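By convention in this document, chain letters (A, B, ...) are assigned in the order of the sequence lines, proteins followed by strands, and residues within each chain are numbered from 1. Remember, predicted model here, so these are calculated numbers, not experimental data.
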Amino acid sequence: MTGGFTTNHLVYLLNGLLWTVILSALAFLLGGVAGFFVMLARTSTMRWLRRVSLLYVQFIQGMPLLILMFVIYFGLGVIGIEVPPLVAASLGMMIYSSAYLGEIWRGCVESVPRTQFEAAECLALTRWQTLKDVILPQALRIATPPTVGFMVQLIKNTSLASVVGFVELTRAAQVINNSLFQPFLVFGIAAAFYFCVCYPLSVWSRSLERKLNVGRR
Amino acid sequence: MNYQFDFAALLPYWKDFLAGALTTVQMTVVAVAIGLVIGVLCAVARRSAYAWLRLIVGIYIEVVRNTPFIVQIFFIFFGLSSIGITMPVFFAAVFAMVINVGAYTAEIVRAGMEAVHPSQIEAAEALGLSRFQIYRDIILMPAIERVYPALTSQFILMMLSTSITSQISAEELTGVANNIQSYTFRSFETYIVIALLYLAITYLLRAGFHLIALGIFPRRRRLGTPL
């Protein structure tokens, strides 16, 4: 309607892509650290800790990320902390990814054969030594493909940060579309950007999985 | 931190919350039912003898799986209206969901079909079963049974994703909540309430999928163990 798609718009979208990548990286790093603790709690020897962490995981996995974002964004405002959208979005993504990563990694730790735990116990290793020297190195190999796969989910889900006003790729596309009204073009380019980031990761995850399964065929 | 929680302000709107939850469930059931059919067809097409069919289906699956749902919705909803095709928001939302569910289902079912041992198919051929019978009884049903947990998790994720359709002003649970919080100015409480409602729907769906599994997989019903 008013003017065409110019390089300025493309630069704006690329800038949005940059923020998407930054937010994804933040979410993965922070969520990874938190998820590690969730995994420890889920595989803990203390029953109450397992129960509490299970409740946490089920709670987070049972509500949409969009609602989590809203709760955090409005919740922080309510208790009187004004935060920039980047912080609210990172916090939301961190909590979200900690629940999923914690659960993925718990599965990996538990798929290490039981006898490995028993052998470590016979050698009088402490719980922490068992994890650090025996279990985690083996679990890491199993955990890599699903973790990379989850990164794809994470990158796609950063698009929901747009609802709390954080200008990443999706928000940038919305802003441009509001002025140009060329949805196929604008959202098509945005989708292509997401695809360029996510597809290589998907392919990588799949090839890792194939390598891991070689022994079983 | 001296915020006064006031859930009572939301009480007059309980019917709206319920209607929103019902719409969410409706959208999910319709999208999953159609998406499942499309997904299974695509999974079968991925094994087709025609290279062009495999390619097209492959592109569809990869494009959908590697782009965010919200961008897909905007693309479909605003895109269709820009070329003069307008439809009710409910249909646009369900349409986008069907396309999304279809791609994910196809990928999950394909993984299940790959796990069916070739000797099973050879045995079925030796018994003179028709191609259709082999697909239905030897490949598809065992494949779906094997990937059933992954499939249902994906469907529940889809139910949670219906919240995103509120961005094109669909009147499902989140859309309703957006309205209510603008009447009451009780945004924090509203979103806590619907978070709990989503949790309840998640558990209901899980229970429903479990019952369905008992119904359609006789092995599970008789022996109490999955494949």
### A/Y100: side-chain hydrogen bond (donor to acceptor under 3.5 Å, both in side chains) partners, not counting sequence neighbours
none

### Task
Please step through side-chain contact (heavy atoms from CB on, under 4.5 Å) for the pair B/V63 and A/F195, ending with a clear verdict.
CA-CA 7 Å; B/V63 166; A/F195 187 82; 4.2 Å; yes

Identify which part of [X] has an atom lying under 4.5 Å from any heavy atom of chain B, answering side chain, backbone, both or neither.
X: A/N157; value: neither
X: A/Q58; value: both
X: A/S162; value: side chain
X: A/V71; value: both

Taking atom [atom1] of [X] and atom [atom2] of [Y], what is their separation to the nearest 0.5 Å?
X: B/S161; Y: A/L160; atom1: OG; atom2: CG; answer: 8.0 Å
X: B/I73; Y: A/T170; atom1: CD1; atom2: OG1; answer: 11.0 Å
X: A/L66; Y: B/F69; atom1: CG; atom2: CZ; answer: 11.5 Å
X: B/S153; Y: A/Q61; atom1: OG; atom2: CD; answer: 8.5 Å
X: B/I192; Y: A/I67; atom1: CD1; atom2: CD1; answer: 11.5 Å
X: B/L199; Y: A/I60; atom1: CG; atom2: CD1; answer: 9.5 Å

### Query
Given the options A/S202, A/A190, A/A192, which has more heavy-atom pairs under 4.5 Å with chain B than any of the others?
A/S202

### Task
Using a cut-off of under 4.5 Å on heavy-atom pairs, state which of A/F187, A/F59, A/Y73 scores highest against chain B.
A/F187

### Task
Determine the interplanar angle of the A/F181 and B/F78 rings, folded into 0 to 90°, and report it as parallel if under 30°, tilted if 30 to 60°, perpendicular if over 60°.
perpendicular

More than 12 heavy atoms from other groups under 6.0 Å of [atom1] on [X]:
X: B/F7; atom1: CZ; answer: yes
X: B/R47; atom1: CZ; answer: yes
X: A/F117; atom1: CZ; answer: yes
X: A/R51; atom1: CZ; answer: no

Over all atoms of both residues, closest heavy-atom pair of [X] and [Y]:
X: B/F75; Y: A/P183; value: CD1-O, 4.3 Å
X: B/P68; Y: A/K156; value: CB-O, 3.4 Å
X: A/Y199; Y: B/N66; value: CD1-ND2, 3.5 Å
X: B/V71; Y: A/A191; value: CG1-CB, 4.0 Å

### Query
Does a side-chain heavy-atom distance below 4.5 Å link B/L173 with A/P64?
no

Heavy-atom contact with chain A under 4.5 Å, split by part of [X]:
X: B/T67; answer: both
X: B/L196; answer: side chain
X: B/I83; answer: side chain
X: B/L157; answer: side chain
X: B/E189; answer: neither
X: B/Y203; answer: side chain
X: B/S166; answer: side chain

#### Entry: SB check B/E62 A/R206 (cutoff 4.0 Å)
yes

### Message
Walk me through whether B/N178 and A/F70 qualify under side-chain contact (heavy atoms from CB on, under 4.5 Å).
### Response
CA-CA 10 Å; B/N178 290 342; A/F70 279 141; 4.1 Å; yes

## Note on the structure
Given B/Y191, B/F77, B/Y198, the one with more heavy-atom pairs under 4.5 angstrom with chain A than any other is B/Y191

### Query
Yes or no on side-chain contact (heavy atoms from CB on, under 4.5 Å) for A/S159 and B/I164, after CA distance, side-chain angles and deciding distance?
CA-CA 10 Å; A/S159 60; B/I164 299 172; over 6 Å; no

